[in-house]
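Lettering follows sequence order; numbering is per chain, from 1. It should be emphasised that the depicted structure is a prediction, and the values quoted were computed from it without experimental measurement.
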There are 2 protein chains.
Amino acid sequence: MNRTELCPRFEQAVSLLSRRWNALIIYSLLDGPSRFCEVTETIGISNRLLSERLKELETDGIVSRTVSGDSPVRIQYSLTEKGMALLPVLQELESWATKWVDPAPEPAE
Amino acid sequence: MNRTELCPRFEQAVSLLSRRWNALIIYSLLDGPSRFCEVTETIGISNRLLSERLKELETDGIVSRTVSGDSPVRIQYSLTEKGMALLPVLQELESWATKWVDPAPEPAE
DNA sequence: ATTTAATAGTTACGTTTAGTAACCACTTTA
DNA sequence: TAAAGTGGTTACTAAACGTAACTATTAAAT
């Protein structure tokens with residue numbers, strides 16, 4: 001009847017990566033800091049959701065937002081140490097994908 | 001304007017694990033085959049969603065459904081080789097969680 | 001013999017979340 | 001001065017999720 005198993009930390013980690021776009025956002029930031037529009041272009045997320053996700057990831061301590069330059073005001077998003085530490089997870093997922101996912105991109109209706 | 005980056009296989013893998021419950025379902029099946037109600041009890045998913053997810057995971061070739069026994073008809077869900085291969089991904093996530101997620105379970109309203 | 005419980009789901013419905021599109025303020029470039 | 005880029009927000013629609021109730025089958029309990 002009631003759930004007894006599962007580590008709550010693991011569950012939290014799963015819910016983080018299960019939130020749509022989070023894995024791709026983190027993945028794209030693993031290459032180094034990016035600007036808002038760079039992320040939208042590389043992963044294809046909308047402004048609305050990226051804005052939302054980045055705020056959430058900031059409060060989770062995974063992404064940090066920095067403002068640089070005075071006149072054109074450049075805003076950069078980068079991974080914290082905690083965020084960087086997700087690298088091996090995404091690397092394993094990447095190697096799983098190359099081994100097991102065939103590249104057929106939805107059979108074309 | 002248009003997206004040029006990102007491996008489509010990786011994107012598919014991400015969308016698989018980003019689908020809510022999928023990671024936990026796979027995680028619970030890594031311990032060995034389970035029955036329908038065992039999964040609902042260990043991870044806390046509803047019947048409706050588990051049924052839906054299991055069908056999807058079956059068509060993705062990650063889970064296999066087997067019927068055993070004649071009179072009480074036991075239905076078992078287990079991971080395929082492709083599903084098993086996700087073990088290192090979840091292991092890395094688990095070790096990330098133990099290192100970086102603090103066990104505060106939502107500050108209690 | 002009939003009720004109760006367990007298994008493996010399905011159906012209906014309401015709420016949340018995600019996606020699309022338009023817009024805004026500011027700055028720079030043409 | 002108009003157009004384009006950046007970093008978003010607002011409003012609206014569509015899809016996903018959660019809850020609860022229900023079904024069919026079998027088995028155990030009363």
Please tell me if the side chains of Ile25(A) and Leu50(A) come closer than 4.5 Å, counting only heavy atoms from C-beta onward.
yes
For the side chain of [X], counting heavy atoms from C-beta on, which of [options] is nearest?
{"X": "Asn47(A)", "options": "dG9(C), dT7(C), dG8(D)", "result": "dG8(D)"}
{"X": "Pro72(A)", "options": "dT28(C), dC17(D), dG9(C)", "result": "dT28(C)"}
{"X": "Ser51(B)", "options": "dG7(D), dA18(C), dT10(C)", "result": "dT10(C)"}
{"X": "Ser46(B)", "options": "dA8(C), dG19(C), dT19(D)", "result": "dT19(D)"}
{"X": "Arg20(B)", "options": "dT7(C), dG19(C), dT17(C)", "result": "dT17(C)"}

Look at [X] and [N] and indicate whether a side-chain polar atom (N or O) is within less than 4.0 Å of OP1 or OP2.
{"X": "Lys55(A)", "N": "dG7(D)", "answer": "no"}
{"X": "Arg65(B)", "N": "dG9(C)", "answer": "yes"}
{"X": "Trp21(B)", "N": "dA16(D)", "answer": "no"}
{"X": "Tyr77(B)", "N": "dG9(C)", "answer": "yes"}

What is the distance, to the nearest angstrom, from the [atom1] atom on [X] to the [atom2] atom on [N]?
{"X": "Arg53(A)", "N": "dT16(C)", "atom1": "CZ", "atom2": "P", "result": "16 Å"}
{"X": "Arg35(A)", "N": "dT27(C)", "atom1": "CZ", "atom2": "C1'", "result": "11 Å"}
{"X": "Arg19(B)", "N": "dT16(C)", "atom1": "CZ", "atom2": "C1'", "result": "16 Å"}
{"X": "Leu50(B)", "N": "dT7(C)", "atom1": "CG", "atom2": "C1'", "result": "12 Å"}
{"X": "Ile75(A)", "N": "dG5(D)", "atom1": "CD1", "atom2": "P", "result": "18 Å"}
{"X": "Leu24(B)", "N": "dC17(D)", "atom1": "CG", "atom2": "C1'", "result": "15 Å"}
{"X": "Phe36(A)", "N": "dT27(C)", "atom1": "CZ", "atom2": "C1'", "result": "17 Å"}
{"X": "Glu52(B)", "N": "dA16(D)", "atom1": "CD", "atom2": "P", "result": "8 Å"}

Quick one: closest heavy-atom pair of Gly61(A) and Thr80(A), and the distance?
O-OG1, 2.6 Å
Which atom names give the shortest non-hydrogen contact between Val39(A) and Ser28(A), and what distance separates them?
CG1-OG, 4.0 Å
Sidechain-backbone polar pair: Ser51(A) side chain, Asn47(A) backbone, donor-acceptor under 3.5 Å
no
Ignoring hydrogens and angles, tell me if any N or O in the side chain of Trp21(B) forms a donor-acceptor pair with the backbone of Gly44(B) under 3.5 Å.
no
DNA chain C: Leu49(A) or Glu38(B), which has the more 5' nearest nucleotide?
Glu38(B)
For a quick check of understanding: with a heavy-atom distance under 4.0 Å over all strands, which category does Arg48(B) fall into, base, sugar-phosphate or nothing?
base
